[in-house]
Amino acid sequence: QVQLVESGGGLVQPGGSLRLSCAASGSIFRINAMGWYRQTPGKERELVADMTSGGSTNYADSVKGRFTISRDNAKNTVYLQMNSLKPEDTAVYYCHADNRYFSYINYWGKGTLVTVSS
């Protein structure tokens, strides 16, 4: 039983910045990696960035150098700092976590909409 709640989405102009937050609650001890995926209508959900419990990070090529993932274990929260935003970054962003013991168990937030437009 893990719940993930995202916040921080909204409308931003191209070139602007936005910071997403995801707070985890429930059986926190079950969580290993945490990260962010995004999805647009008609397309498959794709990984944006994630971070393992050990601090290793992984980024999609399209966001490298612009987005930064961070994690505050004391607050059970993961962040995504999004800079130099482009219209193609527009999507619903979903917080994700996997289970420390069973890799086939995945936890998802309900998503937060990011719209990059003038």
Rounded distance (nearest 0.5 Å) linking atom [atom1] of [X] with atom [atom2] of [Y]:
{"X": "Ser53", "Y": "Ile31", "atom1": "OG", "atom2": "CD1", "value": "10.5 Å"}
{"X": "Ser25", "Y": "Leu4", "atom1": "OG", "atom2": "CG", "value": "7.5 Å"}
{"X": "Ile105", "Y": "Arg100", "atom1": "CD1", "atom2": "CZ", "value": "13.5 Å"}
{"X": "Leu18", "Y": "Tyr93", "atom1": "CG", "atom2": "OH", "value": "9.0 Å"}
{"X": "Asn76", "Y": "Phe29", "atom1": "CG", "atom2": "CZ", "value": "12.5 Å"}
{"X": "Leu47", "Y": "Ser62", "atom1": "CG", "atom2": "OG", "value": "9.5 Å"}

Evaluation steps, side chain to side chain contact (heavy atoms under 4.5 Å, CB included), between Tyr107 and Asn99: CA-CA 8 Å; Tyr107 310 106; Asn99 189 282; 2.8 Å; yes

Greater than 12 external heavy atoms within 6.0 Å of Glu88's CD: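 Atom CD in Glu88 is packed in, count exceeds 12.
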
Met34 with Tyr79, same ILVMFWY side-chain cluster at under 4.5 Å: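 Not linked; separate clusters.
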
Transitive ILVMFWY side-chain link Leu80 to Met51, under 4.5 Å: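 As far as the 4.5 Å side-chain criterion goes, Met51 and Leu80 are connected within one cluster.
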
Between [X] and [Y] (side chain of the first, backbone of the second, donor and acceptor by atom type, cut-off under 3.5 Å), is there such a pair?
{"X": "Arg66", "Y": "Met82", "result": "no"}
{"X": "Gln1", "Y": "Ser27", "result": "no"}
{"X": "Thr77", "Y": "Lys75", "result": "yes"}

salt_bridge(Lys86, Asp89) N-O dist < 4.0 Å: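 Salt bridge between Lys86 and Asp89, a charged N being under 4.0 Å from a carboxylate O: no.
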
Does some side-chain heavy atom of [Y] sit less than 4.5 Å from a side-chain heavy atom of [X]?
{"X": "Asn83", "Y": "Phe67", "result": "no"}
{"X": "Thr40", "Y": "Arg38", "result": "no"}
{"X": "Trp36", "Y": "Ile69", "result": "yes"}
{"X": "Ser118", "Y": "Pro14", "result": "yes"}
{"X": "Cys95", "Y": "Val78", "result": "yes"}
{"X": "Glu6", "Y": "Leu113", "result": "no"}
{"X": "Val116", "Y": "Val114", "result": "yes"}

Those residues that, when tested against Tyr37, pass ring-ring contact (aromatic ring centres under 6.0 Å, His included) (two or more places apart):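 Tyr37 satisfies ring-ring contact (aromatic ring centres under 6.0 Å, His included) with His96, Trp108 only.
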
Audit row: Thr112, Leu20, side chain to side chain contact (heavy atoms under 4.5 Å, CB included) steps and yes/no: CA-CA 9 Å; Thr112 185; Leu20 305 182; 4.1 Å; yes

Sequence-distant partners of Arg19, salt bridge (Lys or Arg N to Asp or Glu O under 4.0 Å), two or more places apart: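 Residues passing salt bridge (Lys or Arg N to Asp or Glu O under 4.0 Å) with Arg19: none at all.
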
Qualifying residues under salt bridge (Lys or Arg N to Asp or Glu O under 4.0 Å), relative to Lys43, sequence neighbours excluded: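 Per chain and number, Lys43 pairs via salt bridge (Lys or Arg N to Asp or Glu O under 4.0 Å) with no residue.
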
For the student: nearest non-hydrogen atoms of Ala49 and Tyr59, plus distance: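 For Ala49 versus Tyr59, the nearest heavy atoms are CB-CD2, 3.5 Å.
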
Between Asp98 and Tyr104: side-chain donor-acceptor atoms closer than 3.5 Å: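 Side-chain D/A pair, Asp98 to Tyr104: absent.
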
